Amino acid sequence: MNRHVIVRTKARPDAAAVKVLAEAGVATTHEAMGRRGLLDPVLRPIYPGTRIAGRAVTVLSHPGDNLMIHAAVEQCGEGDILAVATTSLSHDGMFGELFATALQARGVLGLVIDAGVRDVAELTATAFPAWSRAISAQGTVKASPGSVNVPVVLAGACVRPGDVIVADDDGVLVVPREEAPAVAGAATVRMAGEEGRRAQFREGVLGLDLYGLRATLDRLGVRYIDAEGDPQ
């Protein structure tokens with residue numbers, strides 16, 4: 001079998017589930033799926049305030065070489081997120097404004113890359129979100145083979161083509177494609193519960209009482225005492 005492949009696939013996650021996960025965001029979805037799926041928090045957004053969720057188009061690339069990113073653009077479409085891993089640690093600026101322009105023309109929502117990006121001012125101005133390990137002007141070559149739409153380990157998490165990527169200011173999360181509807185359902189329940197608790201907190205209810213934590217403190221041996229010398 002050829003070690004380097006470009007896989008053409010139409011596999012997509014459930015569209016309704018993806019919409020819910022985009023609304024829920026990383027933290028709520030992470031809790032809803034049992035605190036699984038987070039990528040290493042070393043990946044940070046190049047500018048704040050964006051939340052996206054979409055189908056992963058994966059790339060396995062040689063460090064310092066963006067040939068396979070060029071190959072991946074052809075496999076990207078509306079609502080996708082490009083997810084780029086490298087075969088060893090890289091901080092090089094493998095992605096920039098021209099790539100973003102090509103991807104935006106195809107309806108791609110954003111980029112997650114375990115390496116560097118550059119042209120940050122231009123990416124920000126054109127509202128193309130990216131989550132990366134580094135920002136670096138270091139250029140790359142186009143000479144080494146890799147693969148597109150194969151399972152990759154991206155910032156410590158397994159990402160398969162067609163899985164759901166959720167990304168916002170809190171980080172990046174992967175939801176296995178077949179689990180997306182169930183996770184979306186759990187996230188919907190969690191969002192409703194959070195709204196109820198939010199209303200109670202606004203009314204002054206304490207978390208100690210809302211979550212029944214006084215009994216936990218007591219069980220752990222935590223006691224209340226009055227400070228000596230306080231006025232009576």
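Atoms considered below: every heavy atom in the structure, side chains included; atoms not considered: hydrogens, waters and symmetry mates. Values in this document were obtained by computation on a predicted structure and should not be read as measured data.
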Hphob cluster co-occupancy, V112 + F128, side-chain heavy atoms under 4.5 angstrom:
no

All side-chain contact (heavy atoms from CB on, under 4.5 Å) counterparts of I52, not counting sequence neighbours:
T50, I81, L109, P129, W131, A167

Is there any side-chain hydrogen bond (donor to acceptor under 3.5 Å, both in side chains) pair reaching into residues 90-100, and which pairs are they, with sequence neighbours excluded?
none

If you take all heavy atoms of V164 and A180, which pair is closest and at what distance?
CG2-CB, 4.0 Å

Test item: M191 and V20 side chains (from C-beta on) under 4.5 Å apart, heavy atoms:
yes

Could you tell me which non-hydrogen atom of P63 sits nearest to which non-hydrogen atom of S88, and how far apart they are?
CG-OG, 3.2 Å

Do M68 and V159 belong to the same hydrophobic cluster, where Ile, Leu, Val, Met, Phe, Trp and Tyr are linked whenever their side-chain heavy atoms lie under 4.5 Å apart, directly or via other members?
no

Side-chain contact test, heavy atoms from C-beta onward, threshold under 4.5 Å: evaluate it for L217 versus R223 and give yes or no.
no

Suppose the criterion is side-chain hydrogen bond (donor to acceptor under 3.5 Å, both in side chains): which pairs have a residue in residues 153-176, not counting sequence neighbours?
R51-D168, R160-D163, R160-E178

State, to 0.1 Å, how close I46 and S132 come at their nearest heavy-atom pair, and which atoms those are.
CG2-OG, 4.0 Å

Note: V108 and G77 closest approach over all heavy atoms is CG2-O, 3.8 Å

Among L38, V175, V166, V183, the one residue meeting side-chain contact (heavy atoms from CB on, under 4.5 Å) with H30:
L38

Sequence neighbours left out, cut at 3.5 Å: what donor-acceptor pairs do the side chains of residues 135-145 make with other protein atoms?
| residue | atom | partner | partner atom | Å |
| --- | --- | --- | --- | --- |
| S136 | OG | Q138 | N | 3.1 |
| T140 | OG1 | N66 | ND2 | 3.2 |
| S144 | OG | D65 | OD2 | 2.9 |

Just distance, no hydrogens or angles: give the donor-acceptor pairs under 3.5 Å from side chains in residues 147-154, sequence neighbours left out.
| residue | atom | partner | partner atom | Å |
| --- | --- | --- | --- | --- |
| S147 | OG | V5 | N | 3.1 |
| N149 | OD1 | T58 | N | 3.4 |
| N149 | ND2 | V7 | O | 3.0 |

Would L43 and Y47 show up in the same hydrophobic cluster when neighbours are defined by side-chain heavy atoms closer than 4.5 Å?
no

Looking at every non-hydrogen atom in both residues, tell me the closest pair between A72 and V57 and how far apart they are.
O-CG1, 4.4 Å

Run the side-chain contact (heavy atoms from CB on, under 4.5 Å) test against A11 and tell me which residues pass, sequence neighbours left out.
T9, R177

When the ring planes of F99 and H70 are compared, do they come out parallel, tilted or perpendicular, using 30° and 60° as the limits?
tilted

T86 backbone acceptor or donor facing H62 side chain under 3.5 Å:
no

Can you list everything that forms a side chain to side chain donor-acceptor pair (under 3.5 Å) with E228? Sequence neighbours excluded, please.
none

Using the salt bridge (charged side-chain N to carboxylate O under 4.0 Å, His left out) criterion, which residues pair with R35? Sequence neighbours excluded.
E31

List the residues meeting side chain to side chain donor-acceptor pair (under 3.5 Å) with Q75, not counting sequence neighbours, and say none if there are none.
none

Can you check side-chain contact (heavy atoms from CB on, under 4.5 Å) on V172 and V26, steps first, answer last?
CA-CA 7 Å; V172 183; V26 170; 5.9 Å; no

Qualifying side-chain hydrogen bond (donor to acceptor under 3.5 Å, both in side chains) pairs, either residue in residues 98-124, two or more places apart
D114-R133

Any heavy-atom pair between the side chains of L111 and F95 that's under 4.5 Å?
yes

Of all heavy-atom pairs linking L206 and F201, the shortest is C-CE2, 4.1 Å

Please answer: with hydrophobic residues joined when any side-chain heavy atoms are less than 4.5 Å apart, are I165 and L60 in the same cluster?
yes

Side-chain donor-acceptor pairs of residues 207-215 under 3.5 Å, sequence neighbours excluded:
| residue | atom | partner | partner atom | Å |
| --- | --- | --- | --- | --- |
| D209 | OD1 | R214 | NE | 2.6 |
| D209 | OD1 | R214 | NH2 | 3.4 |
| D209 | OD2 | R214 | NH2 | 3.4 |
| Y211 | OH | R197 | NE | 3.4 |
| R214 | NH1 | Y224 | OH | 3.3 |

Show every salt bridge (Lys or Arg N to Asp or Glu O under 4.0 Å) that has at least one partner inside residues 6-21, sequence neighbours left out.
R12-D80

State yes or no: do L103 and L123 share one hydrophobic cluster built from I, L, V, M, F, W and Y residues joined by side-chain heavy-atom distances below 4.5 Å, directly or via other members?
yes

